[in-house]
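Reviewing the structure listed below.
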Amino acid sequence: MYDYCVIGGGIVGVATAYRILQERPGASLVLVDKADRLATHQTGHNSGVVHSGIYYAPGSLKARMCRQGARWTTEFAAAHDIPYRVCGKLLVATDSAEHARMLDLYERSVTNGVDVESIDAAELARREPRVRGVGALYVPSTAIVDYTRVTEVLAAQVRARGAEIVLGAEITAIAENSDAVTVSGPSGSWRAARMVACGGLQADRLARLAGLPISLRIVPFRGEYYQLPSARSDLVDTLIYPIPDPELPFLGVHLSPTIDGALTVGPNAVLGLAREGYRKGGVDLRDAREILCYPGFHRVAAANVRTGLRELRDSLFKRGYLAQCRKYCPELTLSDLLPRECGIRAQAVLRDGTLVHDFMIERTERSVHVLNAPSPAATSAMPIAEHIVESL
Ligand SMILES: Cc1cc2nc3c(=O)[nH]c(=O)nc-3n(C[C@H](O)[C@H](O)[C@H](O)COP(=O)(O)OP(=O)(O)OC[C@H]3O[C@@H](n4cnc5c(N)ncnc54)[C@H](O)[C@@H]3O)c2cc1C
């Protein structure tokens, strides 16, 4: 019997294992993941941005943990020689409506304690000559990193402290009683005094396996990217983001330098019919049936018909996608948009159609389930882990 079992080898699961062993050195721990390598899903398919925490509702877990997590990520990267670059972020308003939302966002950033500067069109053109807008917010602290690398380094530390990491082991049953939790599947069974499930796109299914009375479902939203030709990768130096729609949990198509020197465009947000199907048009029958029969999804769809159809059109026709980027970077052309693998976001949706914006973590007597850990959970992984360890 182990002291701890963690399900999920994404950044949240591995950070949790790391934190447990920091708090309780010598504890026995096993981490299991169904994939053959760590960071296979969201952690290995994201924009690699270390967010500063400007967007999130003041007082929310996201607002607090993102700020703390960005600090932790900076320190961890420096301590372990992980490539990391503070490139700053510009949030660009392209018309008067966006400018009004930009001013609201400025207030929110100040409330959240994040250093931000409001600049006019001329200053924007001076800083990023290829970008156009009526004004922008500049966040100097935003950085980029490779979260797969961060996860691998965390995992090496976890192994060095004597823990086991078992890959290729899908968990299909969870039984909790008064003395232990047993998790099992086709490749084995593990018994532990405490269990933490960090299942990302499968978080709701793991919670249901454990018998938690949850009233939410994970709905997958594909985040499709393009990559610019290498000759264009110096187009911008800073991360360039649109002003987000406050009603939606997604940040909009942005231009992001990556730590390996590429420049990506994206991600959009299109309903997916396969939680782990990265191919365009991929459908998983079980996933599709669950989504399409879920009342919460019908309500989300009804409330966002126009946005949903626009995102679908722009996913199918590159020209629409390009138009979203050309709003702030007019010189981009269709031939600049080269294919790049997409990511799939795990977004929790309640039965009444509410998109859960904040992180959501539930516990039972012996277990903790991370039910909603969308962006910026890669940035916030260590504070999420600390929160989990406190509640264990
Ligand atoms: C397109 C996109 C862009 C993003 N951009 C950013 C960004 O720039 N900055 C940022 O901070 N965040 C970003 N995010 C969010 C961030 O990537 C996620 O919040 C974070 O990676 C979540 O980590 P996780 O460990 O919870 O989930 P995951 O990385 O998805 O890991 C979950 C793991 O659980 C395993 N698992 C599931 N079910 C089982 C089972 N039954 N048995 C065994 N194992 C199981 C899976 O195989 C998987 O490895 C982005 C996400 C996406 C999709």
Side-chain angles (χ1 to χ4, degrees), residues 5-17 31-53 55 62 65-66 69-70 73 89 142-148 150-151 154 165-174 183-188 190 196-210 218 220-225 239 241 249-251 253-254 256 258-259 264 266-270 272 275-276 278 340-347 359-361 369-381 384-385 388:
C5 172
V6 177
I7 305 174
I11 194 165
V12 175
V14 179
T16 301
L31 181 147
V32 287
D33 196 296
K34 65 189 171 65
D36 292 331
R37 56 187 169 80
L38 297 168
T40 292
H41 292 295
Q42 296 175 93
T43 301
H45 290 87
N46 59 39
S47 303
V49 176
V50 183
H51 287 290
S52 301
Y55 301 104
K62 277 189 178 179
M65 293 180 173
C66 184
T73 310
K89 178 199 278 193
T142 309
I144 51 175
V145 76
D146 174 358
Y147 285 113
T148 300
V150 176
T151 307
L154 279 168
I165 297 187
V166 184
L167 298 174
E170 181 171 15
I171 299 306
T172 53
I174 301 176
V183 306
S184 48
S187 44
W190 295 268
V196 184
C198 309
L201 286 151
Q202 311 292 341
D204 55 338
R205 289 181 177 153
L206 287 169
R208 284 204 298 275
L209 282 181
I218 295 294
F221 282 93
R222 294 170 61 81
E224 295 162 341
Y225 290 94
L239 291 151
Y241 275 63
F250 310 120
L251 302 179
V253 168
H254 41 266
S256 313
T258 65
I259 201 72
T264 65
N268 60 0
V270 190
R275 295 190 189 200
E276 297 174 4
Y278 291 89
R340 186 177 171 100
E341 196 174 36
C342 79
I344 304 178
R345 305 175 183 86
Q347 175 59 53
F359 301 141
M360 189 188 256
I361 298 165
H369 285 259
V370 178
L371 295 175
N372 195 48
S375 185
T379 308
S380 318
I384 294 175
I388 291 170

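As the structure lists them, so they are numbered: ligands from 1, and atoms in each ligand from 1. What's counted below: heavy atoms across the whole structure, side chains too, no hydrogens, waters or symmetry copies.
Side chains of Thr142 and Ser52: a donor on one and an acceptor on the other come within 3.5 Å. Neither side chain, Tyr147 nor Thr73, offers a donor N or O lying under 3.5 Å from an acceptor on the other.
At a heavy-atom cutoff of 4.0 Å, ligand 1 is contacted by the side chain of Gln202 but not by its backbone. Contacts between Ala169 and ligand 1 below 4.0 angstrom, taking non-hydrogen atoms only, involve the backbone exclusively. Proximity of Cys342 to ligand 1, defined as any heavy-atom pair under 4.0 Å, is not found for any part of the residue. Looking at Cys198 against ligand 1, only its backbone comes within 4.0 Å, counting heavy atoms. Contacts with ligand 1 closer than 4.0 Å are made by no heavy atom of Val14, backbone or side chain.
Numbered from 1 in the order shown, with element, the atoms of ligand 1 that lie under 4.0 Å from a heavy atom of Ala373 read 18 (C), 19 (O), 22 (C). With ligand atoms numbered from 1 in the order given, ligand 1 contributes 52 (C), 53 (C) to contacts under 4.0 Å with heavy atoms of Arg345. Close contacts between ligand 1 and Ser375 involve ligand atoms 6 (C), 10 (C), 12 (N), 13 (C), 14 (N), 15 (C), 19 (O) [criterion: under 4.0 Å to a heavy atom].
Among protein heavy atoms, the minimum distance from atom 24 (P) of ligand 1 is reached at Val12 CG2, 3.8 Å. In terms of protein heavy-atom proximity, atom 44 (N) of ligand 1 is nearest to Lys34 N, 3.1 Å. Of all protein heavy atoms, the one closest to atom 11 (O) of ligand 1 is Thr379 OG1, 2.7 Å. Considering only non-hydrogen protein atoms, atom 33 (C) of ligand 1 sits nearest to Asp33 OD2, 3.5 Å.
A parallel orientation is assigned to the rings of Tyr278 and His41, their planes being inclined by less than 30° (bins at 30° and 60°).
Nearest heavy-atom pair across His51 and Ala70 is O-CB, 3.4 Å.
Polar contact with ligand 1: absent for Pro267 (N/O pair, distance under 3.5 Å). Ligand 1 has no N or O atom lying under 3.5 Å from any N or O atom of Gly223, backbone or side chain. Residue-to-ligand polar distances keep Tyr225 apart from ligand 1: every N/O pair is separated by 3.5 Å or more. For a threshold of 3.5 Å applied to N or O pairs, the pair formed by Asn46 and ligand 1 contains at least one separation below that value.
In this structure, Val370 does not count as a contact residue of ligand 1, since none of its heavy atoms falls inside 4.0 Å of the ligand.
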